[in-house]
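In this chain, residues are counted from 1 in sequence order.
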Amino acid sequence: MLTPKVSISHIAFCALASVADAIMVLLIYFGFALIYKNPLWVEGLTFKRVFILIVVGAIGAILAEIRHLAAGNWSYAPSMPIIPLVNAGLSPVLQFMLLPVIIYLSSLFVFHHIYQRQT
């Protein structure tokens, strides 16, 4: 049986990457709030807005992956599927195509659930 070797520096790096992901989700949210001139823009999600959000998430993830790969911050395992032309990993790009939508819709659901309890 193989025992994975995990170091404190690896855990710290993953924690920092998670914080960077959270910041990217917030930047996307506030960017759309400025564009739509509405901090509650998530309440008006349409198919078009979801599509734009998915595209923006994909572009942001691709740019971040290209930058970090070029800087040598990380590399992919041989098993990572690579998106042709951009040479970015499929799973991190899919993550940022879907997670912002899921996070915003989940937050909206929780917000409405809490608000309904208070009224």
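- Counting non-hydrogen atoms of other residues, nucleotides and ligands closer than 6.0 Å to CD1 of Ile35 gives a total above 12.
- Cluster partners of Leu40, using a side-chain heavy-atom cutoff of under 4.5 Å among ILVMFWY residues and allowing indirect links: none.
- Grouping the Ile, Leu, Val, Met, Phe, Trp and Tyr side chains by contacts below 4.5 angstrom, directly or via other members, places Val56 apart from Phe51.
- The side-chain contact (heavy atoms from CB on, under 4.5 Å) test applied to Ile59 returns Val55, Leu63, not counting sequence neighbours.
- Connection of Leu105 to Ile28 is established within a shared hydrophobic cluster, with ILVMFWY side chains joined at heavy-atom distances below 4.5 Å, either directly or through further cluster members.
- Considering only residues two or more places apart in sequence or on other chains, Ser7 meets the side-chain contact (heavy atoms from CB on, under 4.5 Å) condition with Ser9, His10.
- Counting all heavy atoms, side chain and backbone alike, Gly89 lies closest to Pro92 at O-CD, 3.3 Å.
- Sorted by first and then second residue, the side chain to side chain donor-acceptor pair (under 3.5 Å) pairs involving residues 42-65 (not counting sequence neighbours) are Glu43-His112, Glu65-Trp74, Glu65-Tyr76.
- At a threshold of 4.5 Å between side-chain heavy atoms, the hydrophobic network of Ile, Leu, Val, Met, Phe, Trp and Tyr places Val50 and Leu108 in one connected group.
- Here the closest non-hydrogen pair linking Ala33 and Pro39 is CB-CA, 4.0 Å.
- Take Asn73 and apply the side chain to side chain donor-acceptor pair (under 3.5 Å) test, not counting sequence neighbours, and it matches His68.
- Cluster annotation: Phe111 and Leu45 are assigned to distinct hydrophobic clusters (Ile/Leu/Val/Met/Phe/Trp/Tyr, side-chain heavy-atom contacts under 4.5 Å, transitive).
- Hydrophobic side-chain contacts under 4.5 Å tie Ile23 into a cluster, directly or through other members, with Val19, Leu27.
- Contact check for Leu90 versus Ile82: no side-chain heavy atoms found under the 4.5 Å cut-off.
- Residues Pro100 and Met24 are not in side-chain contact: their nearest non-hydrogen atoms beyond the backbone lie 4.5 Å or more apart.
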Evaluation steps, side chain to side chain contact (heavy atoms under 4.5 Å, CB included), between Trp41 and Leu53
CA-CA 12 Å; Trp41 63 269; Leu53 181 57; 4.2 Å; yes
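- Residue pairs meeting the side chain to side chain donor-acceptor pair (under 3.5 Å) criterion with at least one partner in residues 97-111, sequence neighbours excluded, are absent.
- Interatomic distance, Leu98 CG to Ile103 CD1, rounded to the nearest 0.5 Å: 10.5 Å.
- Applying the side-chain contact (heavy atoms from CB on, under 4.5 Å) criterion to Met97, with sequence neighbours excluded, gives Ile54, Ala58, Val93, Leu94.
- A distance of 8.0 Å separates CD1 in Ile66 from CG in Asn87, rounded to the nearest 0.5 Å.
- Transitive grouping of hydrophobic side chains (ILVMFWY, heavy atoms separated by less than 4.5 Å) brings Leu26 and Phe96 into a common cluster.
- Hydrophobic cluster membership of Ile8, counting Ile, Leu, Val, Met, Phe, Trp and Tyr whose side-chain heavy atoms lie under 4.5 Å apart directly or via other members: none, as it forms a cluster of its own.
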After noting the C-alpha distance and the side-chain angles of Leu99 and Val25, does the key distance pass the side chain to side chain contact (heavy atoms under 4.5 Å, CB included) rule?
CA-CA 8 Å; Leu99 276 182; Val25 168; 5.6 Å; no
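- Legend: side chain to side chain donor-acceptor pair (under 3.5 Å) pairs involving residues 19-33, not counting sequence neighbours, sorted by first then second residue: Asp21-Gln95.
- Contact check for Tyr36 versus Val42: no side-chain heavy atoms found under the 4.5 Å cut-off.
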